[in-house]
Amino acid sequence: MSDSVEPTPAGVETKLYFSRNPNPRLGVAVARHLGAKVTFEFASPFAPGQAERFRPLNPNLSLPILAWPGGSLWEADAIACRLSRDMGSDFWRSGEDEPDMIRWLSWGKENFVRACDMVHFERGTKQRYHIGPIDHQLVEEGLKLFHTTAAILESALAGRQWLVGDEVSYADFRMATFLPFNDVAGLPLGDYPALTRWYGRLEAIDAWRDPFEGLDSPRLPPVPGQIEPHEAAPRL
């Protein structure tokens, strides 16, 4: 695994290893939105016999991973930055808008995204993978944080369509990381009209709405009580 990230030589195959879980989904959505020149490969680094294959690419074994002969890059935010630069896109904002974008990325991951993750982990992830009962106290803590942070986003989005500038950016994709899974998380997004309209605009983007279209990617295990595994629009 390379310690630094050098530009990928022209003609060298770059792979994006992914799964259907929230952060890998984010990585695939970014790549497809940008039309990035990558090969998509479904992966499961924690499956029996797979760890040694993926540990040189990412010592954490988490997805997504961007890899090419002699190098790799992990973490969805870093991959989004790299792909945006490779494609000459302002999706990862630069110049005067960059501090504003980074503000939303930093705040979101520690606040709104974290709140969504807390609730989804209990109601979704733990139930999918049979790793314990729902901790209702943690759900309540997550919902409390959700309401606090959703109110801030509601105010910010009341007079604009996107978080940064006049077009969608990676800040919007990152902020919405867990919302495609709200069929199981059940966050009360509908209590916030501007936030709901903003997410509706994201859902109108093909790469966000269905990033896995045409890819060989097994669906997530169902959550008990669901008829079949799926990704649905947020609960309104």
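Remember, it's a predicted structure, so these values are computed and weren't measured experimentally. We use all heavy atoms of the structure for the numbers below, so side chains are in, but hydrogens, waters and symmetry mates are not.
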Report the C-alpha distance between Lys126 and Glu122 in whole Å, list the side-chain angles of each, state the deciding distance to 0.1 Å, and finish with yes or no for salt bridge (charged side-chain N to carboxylate O under 4.0 Å, His left out). CA-CA 6 Å; Lys126 287 174 70 173; Glu122 294 298 325; 2.9 Å; yes

Not counting sequence neighbours, which residues clear side-chain contact (heavy atoms from CB on, under 4.5 Å) with Asn21? List them please. Ser19, Pro24, Tyr129, Leu220

Arg82 to Trp68 six-membered ring, cation-pi geometry met (6.0 Å, 45°): yes

N/O donor-acceptor pair under 3.5 Å between Arg128 side chain and Pro221 backbone: yes

Judged by atom type as modelled, is there a donor-acceptor pair below 3.5 Å linking the side chain of Ser72 to the main-chain atoms of Ala67? no

Going from [atom1] on [X] to [atom2] on [Y], what distance comes out if it is rounded to the nearest 0.5 angstrom?
{"X": "Leu187", "Y": "Leu189", "atom1": "CG", "atom2": "CG", "value": "7.5 Å"}
{"X": "Leu16", "Y": "Ile65", "atom1": "CG", "atom2": "CD1", "value": "9.5 Å"}
{"X": "Asp206", "Y": "Glu213", "atom1": "CG", "atom2": "CD", "value": "7.5 Å"}
{"X": "Leu63", "Y": "Leu57", "atom1": "CG", "atom2": "CG", "value": "10.0 Å"}

Could you give me the CA-CA distance, side-chain angles and deciding distance for Val139 and Met118, then say whether side chain to side chain contact (heavy atoms under 4.5 Å, CB included) is met? CA-CA 7 Å; Val139 170; Met118 289 174 67; over 6 Å; no

How would you list all residue pairs meeting side-chain hydrogen bond (donor to acceptor under 3.5 Å, both in side chains) that involve residues 144-159, not counting sequence neighbours? His147-Tyr192

Provide the full list of side-chain hydrogen bond (donor to acceptor under 3.5 Å, both in side chains) pairs with a residue in residues 164-181, sequence neighbours left out, each pair given once. Asn23-Arg174, Asp77-Tyr170, Asp77-Arg174, Asp172-Trp198, Arg174-Thr177

Could you tell me if the side chain of [Y] sits less than 4.5 Å from the side chain of [X], heavy atoms only?
{"X": "Phe91", "Y": "Leu34", "answer": "yes"}
{"X": "Asp191", "Y": "Pro188", "answer": "yes"}
{"X": "Gln161", "Y": "Arg201", "answer": "yes"}
{"X": "Arg32", "Y": "Val28", "answer": "yes"}
{"X": "Leu83", "Y": "Ser89", "answer": "no"}
{"X": "Val113", "Y": "Met175", "answer": "yes"}
{"X": "Asp210", "Y": "Phe212", "answer": "yes"}
{"X": "Leu202", "Y": "Leu179", "answer": "no"}

Could you work out, with salt bridge (charged side-chain N to carboxylate O under 4.0 Å, His left out) as the rule, every residue matching Asp117, not counting sequence neighbours? none

For Asp100, give me all partners under salt bridge (charged side-chain N to carboxylate O under 4.0 Å, His left out), at least two apart in sequence or on another chain. Arg103

Quick one: list whatever passes side chain to side chain donor-acceptor pair (under 3.5 Å) with [X], sequence neighbours left out.
{"X": "Glu52", "answer": "Arg55"}
{"X": "Ser217", "answer": "Arg20"}
{"X": "Asp135", "answer": "none"}
{"X": "Asp97", "answer": "none"}

Could you check whether the rings of Tyr199 and Trp208 sit parallel, tilted or perpendicular, using 30° and 60° as the cut-offs? perpendicular

Using the six-membered ring wherever Trp is involved, compare the ring planes of Phe54 and Tyr17 and label them parallel, tilted or perpendicular (cut-offs 30° and 60°). perpendicular

Side chain to side chain contact (heavy atoms under 4.5 Å, CB included) assessment of His33 paired with Val168: CA-CA 11 Å; His33 180 67; Val168 66; 4.0 Å; yes

ring-ring contact (aromatic ring centres under 6.0 Å, His included) partners of Phe121, counting only residues at least two apart: none

Would Val30 and Trp92 satisfy side chain to side chain contact (heavy atoms under 4.5 Å, CB included), going step by step from the backbone distance to the final call? CA-CA 10 Å; Val30 168; Trp92 181 282; over 6 Å; no

Members sharing Leu138's hydrophobic cluster, built from side-chain contacts under 4.5 Å between Ile, Leu, Val, Met, Phe, Trp and Tyr, are none

Between side-chain atoms of residues 36-47 and protein atoms elsewhere (two or more places apart, or another chain), which donor-acceptor pairs fall under 3.5 Å?
from  : atom 1 : to    : atom 2 : distance (Å)
Thr39 : OG1    : Glu13 : OE2    : 3.0
Glu41 : OE1    : Lys15 : NZ     : 2.7
Glu41 : OE2    : Arg53 : NH2    : 2.8

Flag if over 12 foreign heavy atoms under 6.0 Å of CD, Glu98: yes

